[in-house]
Amino acid sequence: MALRTIRRPASVRMKAKGVTAEQAQIAGNSYCLLHYATGYAAGTPWRMTLPGKQWWVMPVLLTSPGYGVVGEVGVLAVDARTAKVVGSTSRHEGVTAGRRLAE
């Protein structure tokens, strides 16, 4: 009987090294829902690496059901190993920018 090597799916292998872009965006969307207001969402994340730290950084977007993405109102960063939001534009600044865009 021949031995077979069992390979884990790529999504499982990536988890050992950190969260995927999709997982980071889910964390960002959850944060937007809880800390901004309805209609705010996380955009497409990109990876940022500094000595000893890695983050997923993404824009905070104002959206409208009939229009789609209205514009960018801020930014947030998610730890690339834990999927925790480590920083973001303040709620006041984000919502104020959203009001200006909505006008």
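Each residue takes its place number in the sequence, starting with 1.
Shown here for Val73 and Gly94, the closest heavy-atom pair between the two residues is CB-O, 3.6 Å. When all heavy atoms of Gly28 and Val78 are compared, the pair lying nearest together is N-CG2, 4.5 Å. The two residues Asp79 and Val86 make their nearest non-hydrogen contact at CB-CG1, 3.9 Å. The minimum heavy-atom distance between Cys32 and Ala42, with the atom names listed, is SG-N, 3.9 Å. Leu61 and Gly43 get closest at one heavy-atom pair: CD1-CA, 3.6 Å.
Between the OG1 atom in Thr82 and the CD atom in Gln23 there is a gap of 11.5 Å [rounded to 0.5 Å]. One finds the CH2 atom of Trp56 at 13.0 Å from the CE atom of Met48 (value rounded to the nearest 0.5 Å). For the atom pair CD (Glu72) and OG1 (Thr89), the distance works out to 8.5 Å, reported to the nearest 0.5 Å. Expressed to the nearest 0.5 Å, how far CD of Gln25 lies from CG of Asn29 amounts to 5.5 Å. For the atom pair OH (Tyr40) and CG (Leu62), the distance works out to 5.0 Å, reported to the nearest 0.5 Å.
Side-chain contact between Lys53 and Thr49: absent, with no pair of heavy atoms (C-beta onward) separated by less than 4.5 Å. In this structure the side chain of Ser64 reaches within 4.5 angstrom of the side chain of Val70, judged on heavy atoms. Counting heavy atoms from C-beta on, the side chains of Tyr36 and Ser90 never come closer than 4.5 Å. Side-chain contact between Val60 and Val75: absent, with no pair of heavy atoms (C-beta onward) separated by less than 4.5 Å. Two residues are said to be in side-chain contact when any heavy atoms from C-beta on lie closer than 4.5 Å; Leu76 and Met58 meet this criterion.
No donor-acceptor contact under 3.5 angstrom links the side chains of Gln54 and Arg81, judged on distance only.
Clustering ILVMFWY residues whenever any of their side-chain heavy atoms sit less than 4.5 angstrom apart, transitively, puts Val95 in the very cluster that holds Val85.
The side chain to side chain donor-acceptor pair (under 3.5 Å) check on Tyr31 picks up Ser88, with sequence neighbours excluded.
Looking at Trp55, its side chain never comes within 3.5 Å of a backbone N or O of Leu50 through a donor-acceptor pair. Side chain of Thr63 to backbone of Gly39: a donor-acceptor contact under 3.5 angstrom is found.
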